[in-house]
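Worth saying up front: this structure is predicted, and the values here are computed from it rather than measured. The residues of the chain are indexed from 1 along the displayed sequence.
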Amino acid sequence: MTDLLVISGGVLGAVLLYYGADFLVVGGAALAERCRVPKLLIGLTLVAFGTSAPELVVSIDAALENAGDIAAGNVVGSNICNIALILGVSACIAPLGVSKSLFKVDMPFLALATLLFAGIEGYFVGVSRWTAAILLAVFIIYLTVRIAISPGEFVAAASADKDAVRQSVWRSLMLTVAGLAALVVGAKLFVNGAVVLARLVGISEAVIALTIVALGTSLPELATSAVAAWKHETEIAIGNVVGSNLFNILLIMSIAPLVRPIATPGILTMDIAVMCALVAVLWLMMAFKRELGRLDGVILLILYAGYITLLAVR
């Protein structure tokens with residue numbers, strides 16, 4: 001009975017994670033509404049950080065609980081899910097255009113971050129505080145470069161009505177606080193439920209993290225990118241995924257181990273290899289015609305289905 005309650009709490013946690021992230025994104029977007037910020041940059045930073053908040057809270061909570069496989073598996077699984085499932089679905093809805101800066105700046109950083117994390121994980125079978133500091137340093141460099149190539153984009157609109165801005169700020173702050181609270185509670189419930197479920201059905205915590213936890217915390221990215229593609233806001237759709245993957249590796253996998261170093265014996269070379277391969281496939285797709293078409297989306301979905309099949313067999 002106790003296990004059933006904990007698993008039910010995990011389901012409630014997934015719901016709180018989704019709506020918490022949604023409130024956080026809406027609140028943060030409203031705060032930035034009065035700034036002249038390109039849609040791609042919004043997707044890469046504000047939206048990406050907001051939709052990655054569930055992964056951040058889940059991984060930190062898992063690190064505190066000494067569940068290193070869930071902390072790292074959540075990130076690896078989410079990055080696989082983001083590229084193969086979310087970009088696959090989004091590209092099937094509408095072709096996603098690839099900007100020059102995304103291809104020449106953000107994708108190289110994503111490739112670098114993925115390979116760096118793969119090397120750390122493969123050599124140390126975990127992330128220590130000093131290797132986490134390296135990832136955090138690369139994250140700071142990425143943000144600096146990303147902002148530096150977009151001069152003048154964060155200038156507030158001078159014509160904004162002061163009363164409207166004041167109301168927007170208060171409402172945005174309330175949504176942001178509510179979203180953060182929901183994320184904290186939801187993450188705790190979700191991790192507890194995932195661990196209990198893993199033990200009950202005899203599946204390793206690493207596999208649960210790579211599938212259920214990863215998909216659950218990727219729901220905000222899925223909803224955001226799918227809706228953005230449907231509304232033909234393709235820069236937000238693709239920027240959200242690339243930005244989220246960068247945040248997952250460089251920020252989450254630096255903050256969580258800084259809180260408590262993590263060991264990840266359950267994360268196999270295959271999982272890391274799939275994540276690296278998908279980044280390479282995505283980059284090649286972009287290089288071929290500077291857009292992700294519906295055929296590309298179908299290919300990505302097939303690759304994701306194949307990966308999930310391998311996990312099921314494992």
Side-chain angles (χ1 to χ4, degrees), residues 13 17-18 20-21 24-25 28 44-83 86 106 109-110 112-121 124 126-143 146 179-180 183-184 186-188 190-191 194 205-206 209-210 212-222 224 240-264 266-267 271-272 275-276 279:
L17 280 171
Y18 176 78
L24 186 60
V25 170
L44 285 165
T45 55
L46 178 66
V47 176
F49 179 76
T51 55
S52 289
E55 285 94 335
L56 175 62
V57 181
V58 165
S59 290
I60 290 176
D61 191 74
L64 290 172
E65 297 290 334
N66 284 322
D69 281 341
I70 286 185
N74 172 40
V75 165
V76 174
S78 290
N79 278 22
I80 291 172
C81 181
N82 285 350
I83 292 177
I86 296 174
D106 303 293
F109 264 104
L110 178 58
L112 171 65
T114 303
L115 290 174
L116 180 60
F117 174 71
I120 291 172
E121 174 65 30
F124 296 103
V127 184
S128 63
R129 284 195 172 95
W130 73 269
T131 51
I134 294 174
L135 293 174
L136 184 59
V138 175
F139 176 72
I140 293 171
I141 292 171
Y142 165 69
L143 277 188
R146 191 4 112 179
L180 286 171
L183 285 171
V184 171
K188 183 70 175 176
F190 196 53
V191 170
E205 290 182 3
L210 288 162
I212 298 174
V213 176
L215 182 58
T217 55
S218 291
L219 286 176
E221 283 96 335
L222 178 58
T224 300
N240 173 38
V241 168
V242 174
S244 292
N245 279 23
L246 280 162
F247 274 92
N248 286 349
I249 293 175
L250 297 178
L251 188 62
I252 296 174
M253 278 293 95
S254 61
I255 291 180
L258 284 173
V259 173
R260 174 174 288 179
I262 60 175
T264 57
I267 306 300
D271 305 314
I272 303 294
M275 180 177 68
C276 293
V279 172

For Val241 and Asn82, the nearest pair of non-hydrogen atoms, with its separation, is CG1-O, 3.6 Å

Find the distance between OG (Ser244) and CD1 (Ile249) and round it off to the nearest 0.5 Å.
11.5 Å

For residues Met275 and Thr114, report the shortest heavy-atom separation together with the two atoms involved.
CE-CG2, 3.9 Å

Which heavy atom of Ser59 sits nearest to which heavy atom of Val75, and what is that distance?
OG-CG2, 3.9 Å

What residue pairs, at least two apart or across chains, pass side chain to side chain donor-acceptor pair (under 3.5 Å) with a residue in residues 246-255?
Ser52-Asn248, Asn79-Asn248

Between the CZ atom in Arg146 and the CG atom in Leu143, the distance rounded to the nearest 0.5 Å is 10.0 Å

From Tyr142 atom OH to Leu251 atom CG, the distance as rounded to the nearest 0.5 Å:
12.0 Å

Only counting residues at least two apart or in another chain, list the ones meeting side chain to side chain donor-acceptor pair (under 3.5 Å) with Thr264.
Glu121

Minimal non-hydrogen separation, Ser128 against Pro261, with atom names:
CA-CB, 4.2 Å

In sequence, state the C-alpha distance, the side-chain angles, and the governing distance for Phe109 and Val242, and then conclude on side-chain contact (heavy atoms from CB on, under 4.5 Å).
CA-CA 10 Å; Phe109 264 104; Val242 174; over 6 Å; no

CD1 of Ile262 to CZ of Phe124, rounded to nearest 0.5 Å, is 13.5 Å

Test of understanding: with side-chain contact (heavy atoms from CB on, under 4.5 Å), list the residues that count as partners of Leu116, not counting sequence neighbours.
Ile120, Ile134, Leu135, Val138

With Arg260, which residues qualify under side-chain contact (heavy atoms from CB on, under 4.5 Å), at least two apart?
Asn66

For Ala63 and Ala256, which heavy atoms make the closest approach, and how far apart are they?
CB-O, 3.8 Å

Report the C-alpha separation of Leu56 and Phe247 in whole Å, then their side-chain angles, then the decisive distance to 0.1 Å, and conclude whether the side-chain contact (heavy atoms from CB on, under 4.5 Å) test is met.
CA-CA 9 Å; Leu56 175 62; Phe247 274 92; over 6 Å; no

Is any side-chain heavy atom of Asp106 closer than 4.5 Å to a side-chain heavy atom of Leu110?
no

Pair Phe139-Leu246, side-chain contact (heavy atoms from CB on, under 4.5 Å): steps then yes or no
CA-CA 8 Å; Phe139 176 72; Leu246 280 162; 5.9 Å; no

Report yes if some heavy atom in the side chain of Leu136 is under 4.5 Å from a heavy atom in the side chain of Leu250; otherwise report no.
no

Nearest 0.5 Å, what's the CD1-SG distance between Ile80 and Cys276?
9.0 Å

How close do Ala62 and Ala71 get, heavy atom to heavy atom, and via which atoms?
CB-N, 3.7 Å

